[in-house]
2 protein chains.
Amino acid sequence: MTKPKHEPLIDLCRQRGLRITGQRRVILQVLDAADDHPNVEELHRRVGEREPGVNIATVYRTMNKLADLGLIERHIFDDGRLRYEPAPDEHHDHLINVDTGEVIEFRSDEIERLQEEIAQKYGFEIVSHKLELYVRLRKKR
Amino acid sequence: MTKPKHEPLIDLCRQRGLRITGQRRVILQVLDAADDHPNVEELHRRVGEREPGVNIATVYRTMNKLADLGLIERHIFDDGRLRYEPAPDEHHDHLINVDTGEVIEFRSDEIERLQEEIAQKYGFEIVSHKLELYVRLRKKR
DNA sequence: CATCCAGATGCAAATGAGTCGCAAGTATGA
DNA sequence: TCATACTTGCGACTCATTTGCATCTGGATG
């Protein structure tokens, strides 16, 4: 079932000097396998499927460490909970289906450009930004 | 600064059938006077300056009621706390100075348009959206 | 291969924003 | 003025996340 795919996070962690413990190995595998934006509870559930007994505090601490190192990205959508995704090569924004919770990533160079323009107009430089579209399926008519 | 003698929120509340109690009167005055995006703790502090003894739970409940009626807007920036501003006539987004916490409102019709375009491309309609630019002053060089 | 110890873990308790139940108080329409 | 449904204060509660601490262990060192 679990064919060992490539697990880039483990290598990245080693490079950064993080100890690879049994718990972390599993957490990193779960992250590498995730193609969505799970919160910590969900991550903990997925970790538990592979290796029961990992404490949720460990998941929290690991996520904090990875986020501090920039290996994963932290998001807070409108439910107020922390969510994570492996750090993407290129910045993107999110479109959230309010009915299903599904999250779709998108990117608009034009919006990025306009944001820069606006920040400049006020004399600022952008440190980070957040664009979330809360959407539902277009009604037929 | 201009002291607002007009207190539009009180009239709006009456129209919507909300009882105007002493506590609410003060809270509404504070909201009418605010030109920023205070969280509940800060609102409670400002209320306490005018009228000590109002419980913070009352502030929470009042804000929830006002938000449900659409008289104020609720925001959550990156500190994760609830913030409020009187409902604006026209939608705007926020630029947050990460060094000072200052919040500046801006509007870009072009970005609004692009957002619509993106949502449509995926077959969705936008329910709401959130655009926040976290910025700092441009360094001289 | 054995040792060592900073860093990692499990667990329970703490934290902190926000909510809720309830008894007591009060605004408002009749 | 009365009746009553809405509000309030207060403390207890929730729930996600963090933290203190005793114990354990990865992996560098000898």
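Predicted, not measured: the structure shown is a model, and the values here were computed from it. Numbered from 1 within each chain, the chains take letters A, B, ... in sequence-line order.
Considering only side-chain atoms of B:A57, the nucleotide from D:dT18, C:dG10, C:dC20 that sits closest is C:dC20. The side chain of A:N55 lies closest to C:dC11 when the candidates are C:dC11, D:dG9, D:dT17. Of all nucleotides listed (C:dT28, C:dG18, C:dG10), C:dT28 comes nearest to the side chain of B:I20.
When the side-chain nitrogen and oxygen atoms of A:R61 are compared with OP1 and OP2 of C:dT9, none of them lie within a distance under 4.0 Å. Proximity of B:R24 to the phosphate of D:dT8: a side-chain N or O atom is located under 4.0 Å from OP1 or OP2. Here A:R19 does not reach the OP1 or OP2 of C:dG7: none of its side-chain N or O atoms lies under 4.0 Å away. In terms of phosphate contacts, B:Q23 brings no side-chain nitrogen or oxygen within less than 4.0 Å of OP1 or OP2 of C:dT26. For the OP1/OP2 pair of C:dG7 and a distance below 4.0 Å, the side-chain nitrogens and oxygens of A:T21 include no atom meeting the criterion. Under 4.0 angstrom from either OP1 or OP2 of C:dG7 there lies no side-chain N or O belonging to A:K65. Contact annotation: B:Y60 side-chain N/O to C:dT19 OP1/OP2 distance is not under 4.0 Å. Here B:T58 reaches the OP1 or OP2 of D:dG9: one of its side-chain N or O atoms lies under 4.0 Å away.
If B:G80 and A:L18 are placed on DNA chain C by their nearest nucleotide, the residue sitting closer to the 5' end is A:L18.
No side-chain N or O of A:H37 forms a donor-acceptor pair with one of A:E102 less than 3.5 Å apart.
Across all strands, B:G53 comes closer than 4.0 Å only to sugar-phosphate atoms, never to a base (heavy-atom distances). If you check every strand for non-hydrogen atoms under 4.0 Å, A:I56 touches nothing. Backbone-only engagement by A:N64 is indicated by non-hydrogen atom pairs under 4.0 Å involving sugar-phosphate atoms exclusively.
Counting heavy atoms from C-beta outward, B:Y134 and B:L95 have side chains that stay 4.5 Å or more apart.
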Decide side chain to side chain contact (heavy atoms under 4.5 Å, CB included) for B:I118 and B:F124; before the verdict, give the C-alpha distance in whole Å, the side-chain angles of both, and the deciding distance to 0.1 Å.
-> CA-CA 9 Å; B:I118 289 161; B:F124 293 108; over 6 Å; no
Dump the intermediate steps for side chain to side chain contact (heavy atoms under 4.5 Å, CB included) on A:E116 and A:I126, then the final yes or no.
-> CA-CA 7 Å; A:E116 280 298 340; A:I126 293 181; 4.0 Å; yes
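Nearest heavy atom pair, residue A:G70 against residue A:A87, reads O-CB, 3.4 Å.
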